[in-house]
Protein chains: 2
Amino acid sequence: MPMQITRESDYAVRCLLYLKERGDAFSAVGEISETMSIPRTFTSKILQKLTKAGIVRSVRGVGGGFTLNREPGKITLLDVIEAVEGPIKVNVCVIDRKSCDRVETCSVHHIWVKMRKDIRKWLESYNFSNIEEAENTPR
Amino acid sequence: MPMQITRESDYAVRCLLYLKERGDAFSAVGEISETMSIPRTFTSKILQKLTKAGIVRSVRGVGGGFTLNREPGKITLLDVIEAVEGPIKVNVCVIDRKSCDRVETCSVHHIWVKMRKDIRKWLESYNFSNIEEAENTPR
DNA sequence: TAAAATAGGATAAAATTACTCCCATATCAG
DNA sequence: CTGATATGGGAGTAATTTTATCCTATTTTA
Ligand code: SF4
Ligand code: SF4
């Protein structure tokens, strides 16, 4: 049952929530994984992806670890999800037209293209600064 | 890389596009699967789900097959996707709070709840009547 | 130079998706 | 009533993806 983020994305968000809390301090993998209840080695892999994406910064060796690489307000949910899952597709034909030979005559293709665009925009509107604010806003 | 509809959902949409085209006539599985390039036995299973969901009507025996069970305008993309994939989740905790014991203190949980709501509303706004119209609308 | 940390490749386990097979049941023509 | 032609549904298989784990290399500081 897709149309669902992966466990990995959920874990990535947890990592970033933790790092935000820690401010400028560097946090080690073990500390993050234990506090946020994420399997340790998996946490390590996720932080590697976040580092490559420039969301997080890492320092090796004694006293090293991870810290946010930019203000929480500049890290969106879209950044995080695409960093760990790769670009959002919605449907195979959206990213790669050649993946379906019905694409030229298909009357729903454009819907999935629009859906991708709208979902990305939606995810981009939430960042690690306004996530917690939104919680207290009445709906 | 989730955040993506399944092949099964894509196939289901194709089936319905075909049945819409055929109007009141009944179409057999073989006919649908060949025309829409869907594996035959899989097509059969998908049509079963659509029938159970009341989207499509079936008649057995000679001259039988499938036809739409209501106007195209009353069949939304949400109906179709949830008929084949089950309810959209977005994240495990959204449908089942007990699936994560961090839920009480989690500051992103509410975001996924809202996302589910918004995606469902979005999918509900497209039906088999306005899908093709939308195509010709300038963006 | 030793200890403490991340980096990265390879691989394994589990779950899900994508399908197939087979037989039961219904419908209709003759 | 019988045979041909459909769908219904359970069970099973194959392929792919997700969810990890292990091991070794490299970096950094004391
Ligand atoms: S059938 Fe249409 S929507 Fe489905 S994959 Fe092909 S182009 Fe995309
Ligand atoms: S950590 Fe938060 S968002 Fe993730 S599953 Fe638990 S409650 Fe949901």
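Letters go in sequence order (proteins before strands), and every chain restarts at 1.
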> Are Val56(A) and Phe26(A) connected in the hydrophobic side-chain network, where two residues link if heavy atoms are under 4.5 Å apart?
Replying inline: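 Result: no, two separate clusters.
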> For Glu8(B) and Lys45(B), what are the C-alpha separation, side-chain angles and deciding distance, and is it a salt bridge (charged side-chain N to carboxylate O under 4.0 Å, His left out)?
Replying inline: CA-CA 10 Å; Glu8(B) 195 178 9; Lys45(B) 288 302 184 195; over 6 Å; no
Distance, rounded to the nearest Å, where [X] contributes [atom1] and [N] contributes [atom2]:
| X | N | atom1 | atom2 | value |
| --- | --- | --- | --- | --- |
| Lys89(A) | dT18(D) | NZ | C1' | 14 Å |
| Arg40(A) | dA4(C) | CZ | P | 12 Å |
| Phe66(B) | dA26(C) | CZ | P | 15 Å |
| Phe42(A) | dC23(D) | CZ | P | 19 Å |
| Gln4(A) | dT17(D) | CD | C1' | 13 Å |
| Asn91(B) | dT18(D) | CG | C1' | 14 Å |

> Honestly, is Arg7(B) close enough over Tyr11(B), meaning NZ or CZ under 6.0 Å from the six-membered ring centre and within 45° of the axis?
Replying inline: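 Yes, a cation-pi geometry holds between Arg7(B) and Tyr11(B).
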[X]/[Y] ion pair, N-O < 4.0 Å:
| X | Y | value |
| --- | --- | --- |
| Asp79(A) | Arg70(A) | yes |
| Glu82(A) | Arg120(A) | yes |
| Glu71(B) | Lys74(B) | yes |

> Just by modelled atom types, is the Ile75(A) backbone N or O under 3.5 Å from a matching donor or acceptor in the Asn127(A) side chain?
Replying inline: no
> Does any residue of residues 8-32 of chain B have a heavy atom under 4.0 Å from DNA chain C, and if so, which ones, in number order?
Replying inline: Glu8(B), Tyr11(B)
> Where along residues 45-62 of chain B does a heavy atom fall under 4.0 Å from DNA chain C?
Replying inline: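 Only Lys45(B), Arg60(B), Gly61(B), Val62(B) qualify.
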>> Could you tell me if Thr76(A) and Glu124(A) have a donor-acceptor pair between their side chains, going purely by distance under 3.5 Å?
In response: no
